[in-house]
Amino acid sequence: MLRYTLMRLGIFVGCLVVVWGLVYAGLVPSGRNGSNALWIPLLALVISAPISFVVLRKERDRASMQVSARVDRMRANMNADASAEDLADEQARSRTENLADEQTRTRTEDPADEQTRARTEAS
């Protein structure tokens with residue numbers, strides 16, 4: 001990706017130098033009232049964009065494949081993390097439910113029932 005960006009920047013700088021030279025030589029009209037600081041880079045940008053589109057096609061495809069692979073890796077990592085979080089959440093919920101069930105059972109058991117059971121077992 002950095003290579004594509006640097007190549008694109010190089011094409012722009014080359015166009016900027018060429019346009020500046022043409023304006024300085026008088027072959028291309030200069031901007032009015034000192035607007036060359038905006039006119040020359042704008043013209044260089046308009047010229048360099050289609051050149052970059054045609055010349056850097058293979059490099060752009062290569063960069064897009066790298067970005068796509070990176071996005072796929074990040075998506076897979078996020079899905080794996082989400083699965084791990086879901087598993088941990090389910091385990092925590094089941095532990096909490098089990099504890100709640102045990103507490104409910106111990107609360108619902110009446111001590112009188114335990115005494116009756118103990119007498120029945122002793123007899």
Side-chain angles (χ1 to χ4, degrees):
M1 186 73 182
L2 180 64
R3 180 178 172 175
Y4 173 74
T5 303
L6 290 176
M7 291 173 84
R8 189 127 188 227
L9 187 63
I11 289 174
F12 172 73
V13 169
C15 288
L16 184 67
V17 168
V18 169
V19 169
W20 179 80
L22 292 174
V23 168
Y24 185 74
L27 299 173
V28 174
S30 62
R32 292 186 179 197
N33 299 329
S35 65
N36 280 343
L38 181 63
W39 163 249
I40 292 174
L42 186 62
L43 185 59
L45 183 67
V46 168
I47 292 171
S48 70
I51 293 173
S52 296
F53 184 73
V54 173
V55 173
L56 300 179
R57 181 171 308 209
K58 289 181 184 178
E59 193 61 39
R60 185 176 52 252
D61 291 342
R62 212 175 290 140
S64 69
M65 286 175 31
Q66 288 175 351
V67 168
S68 176
R70 186 177 303 157
V71 167
D72 290 342
R73 268 195 322 268
M74 292 174 82
R75 192 173 288 152
N77 288 340
M78 286 175 44
N79 289 339
D81 290 345
S83 296
E85 287 176 7
D86 290 344
L87 179 63
D89 185 46
E90 288 297 322
Q91 289 173 349
R93 285 178 192 228
S94 66
R95 275 189 241 129
T96 305
E97 288 173 1
N98 289 342
L99 288 174
D101 288 344
E102 288 176 20
Q103 289 175 353
T104 304
R105 272 189 241 128
T106 57
R107 285 183 196 153
T108 57
E109 291 179 1
D110 191 11
D113 289 340
E114 288 180 23
Q115 291 173 356
T116 307
R117 271 192 231 136
R119 281 188 219 140
T120 308
E121 290 174 2
S123 324

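Every heavy atom of this structure was used, including side-chain atoms; hydrogens, water molecules and symmetry mates were not.
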Leu22: side-chain contact (heavy atoms from CB on, under 4.5 Å) partners, not counting sequence neighbours
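For Leu22 the side-chain contact (heavy atoms from CB on, under 4.5 Å) partners, ignoring immediate neighbours, are Val18, Leu27, Val28.
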
Residue pairs fulfilling side-chain hydrogen bond (donor to acceptor under 3.5 Å, both in side chains) with at least one residue in residues 65-79, sequence neighbours excluded
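Pairs touching residues 65-79 that pass the test: none.
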
First locate atom [atom1] of [X], then atom [atom2] of [Y], and finally report the distance between them rounded to the nearest 0.5 Å.
{"X": "Tyr4", "Y": "Ser64", "atom1": "OH", "atom2": "OG", "value": "9.5 Å"}
{"X": "Arg8", "Y": "Ser48", "atom1": "CZ", "atom2": "OG", "value": "6.5 Å"}
{"X": "Leu6", "Y": "Ile11", "atom1": "CG", "atom2": "CD1", "value": "11.5 Å"}

Is there a side-chain contact between Thr5 and Leu9 in this structure, where contact means two heavy atoms from C-beta onward sitting under 4.5 Å apart?
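No, every pair of side-chain atoms sits at 4.5 Å or beyond.
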
For Pro29, does its backbone N or O pair with a side-chain atom of Trp39 as donor and acceptor, under 3.5 Å?
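The answer is yes, because a donor-acceptor pair under 3.5 Å joins these two groups.
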
Between Glu59 and Arg62, is the closest basic N to carboxylate O distance under 4.0 Å?
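Yes, this pair counts.
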
Among Leu45, Ile40, Leu43, which one satisfies side-chain contact (heavy atoms from CB on, under 4.5 Å) with Leu16?
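For Leu16, the side-chain contact (heavy atoms from CB on, under 4.5 Å) check succeeds only for Ile40.
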
Work out which heavy atom in Asn36 is nearest to a heavy atom in Pro41; give both atom names and the distance.
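Minimum heavy-atom separation between Asn36 and Pro41: O-CD, 3.7 Å.
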
Look at the side-chain heavy atoms of Ile, Leu, Val, Met, Phe, Trp and Tyr, link any pair under 4.5 Å apart, and say whether Val19 and Tyr24 land in one connected group.
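Yes; Tyr24 is reachable from Val19 via cluster members.
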
Flag yes if Phe53 and Val55 sit in one hydrophobic cluster, no otherwise; membership is Ile, Leu, Val, Met, Phe, Trp, Tyr, and two members link when side-chain heavy atoms are under 4.5 Å apart.
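No; Val55 is not reachable from Phe53 via cluster members.
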
